[in-house]
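See below for the structure under consideration.
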Amino acid sequence: MASILITAGPTREYLDDVRFLSNASSGRMGCALARAALDAGHAVTLVVGPVEVEPPVGASVMPVVSALQMQAAAESVFENADIAIAAAAVSDWRPAERAAGKPPRAPGPTTLVLVPNPDIVAGLAAKKGRRVVVGFALESTSAGMPRAIARGREKLRKKDLDAVVVNLHDTIGSGDGEFVLCTRDGPDEALPRLGKEQAAARVVALATELWNKGRTS
Ligand code: C5P
């Protein structure tokens, strides 16, 4: 049995007390991963942004709102985890400043200063030791799967991940999708078009295989 950290859902980056930047992530993939990991007998902590879907019973759930909160929660859980699977759609930027209350609308255009958010999964991978870190790479559909795989492999290398799950951006909010699993040394594993539940089970199995291999090497 492994202890598995999963990040899921979008983050919200508040401009003021009412308005925020976010994205269309439903959290379904992360919750499916949590369910698959529980079904396989693992202990699961789900660090999850604001989502509608119910996390599975049995997972330890840490709700967060912003990327900085998600980073702090993920880093504390990672200390005692064996495997991290990052399925969250972290907002790339946050407003440089957060205003109090709800500032009234002013006439004419306005400028919002954004600063980059930290790359949470890359931060975990940088101190992973024998732990296994798996990321997702959601790529634009128009570029096609071969291009998506090339970009996913680039992320695998740059973020120092053990595996990356490449999928096309029409997967967002949908019940199924096309997934390709890429590892450092192995060949690409293209899954047939699958529901997120079945794809999640394969991702958990792969992460566990990599973790077991690391323990016995
Ligand atoms: O770079 P990109 O956003 O495509 O990378 C996707 C992978 O990195 C996902 O696993 C996602 O959860 C993770 N990520 C992260 N923190 C960020 C951006 C992405 O953990 N700020």
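Counting starts at 1 for both ligands and their atoms, in listed order. Because the structure is a prediction, the values reported are computed rather than measured.
Look at R202 and E209 and you find a salt bridge, because one of the NZ, NE, NH1 or NH2 atoms lies within 4.0 Å of a carboxylate O, short of that distance. With salt bridges taken as basic N to acidic carboxylate O contacts below 4.0 Å, one links K159 and D119.
With a 4.0 Å heavy-atom cut-off, ligand 1 is reached by the backbone of D119 and by its side chain too. Heavy atoms of A122 found under 4.0 angstrom from ligand 1: none, in either backbone or side chain.
One distance of note links CG of L194 with CD of E178; it measures 10.0 Å at 0.5 Å rounding. Rounding to the nearest 0.5 angstrom, the gap separating the OG atom in S22 from the CZ atom in R12 is 6.5 Å.
In terms of protein heavy atoms, atom 16 (N) of ligand 1 is closest to I120 N, 2.9 Å. Ranking the protein heavy atoms by distance from atom 21 (N) of ligand 1 puts P118 O, 2.8 Å first. Considering only non-hydrogen protein atoms, atom 4 (O) of ligand 1 sits nearest to K155 NZ, 2.5 Å. With hydrogens left out, the protein atom closest to atom 11 (C) of ligand 1 is A88 O, 3.3 Å, a heavy atom. Scanning the protein heavy atoms around atom 6 (C) of ligand 1, the nearest turns out to be F136 O, 2.8 Å. V90 CB, 3.9 Å is the protein heavy atom nearest to atom 18 (C) of ligand 1.
Relative to the ring axis of F78, R131 places its NZ or CZ within 45° and under 6.0 Å from the centre.
Residues satisfying the side-chain contact (heavy atoms from CB on, under 4.5 Å) test with R147, not counting sequence neighbours, are A143, A150, R151.
For the side-chain contact (heavy atoms from CB on, under 4.5 Å) criterion with V180, the lone passing option out of N167, D188, V164 is D188.
Taking every non-hydrogen atom of G135 and a distance limit under 4.0 Å, the qualifying atoms of ligand 1 come out as 10 (O). Atoms of ligand 1 found under 4.0 Å from any heavy atom of A86, numbered from 1 in the order shown, are 9 (C), 10 (O), 12 (O). Close contacts of ligand 1 with V121, meaning ligand atoms under 4.0 Å from a residue heavy atom, involve 8 (O), 13 (C), 15 (C), 20 (O).
Between the side chain of Q71 and the backbone N or O of A67 there is no donor-acceptor pair closer than 3.5 Å. Not a single donor-acceptor pair under 3.5 Å links the side chain of D16 to the backbone N or O of A99.
Between K159 and ligand 1 there is a heavy-atom distance shorter than 4.0 Å. Contact between S91 and ligand 1 is absent, with no heavy atom of the residue lying under 4.0 Å from the ligand.
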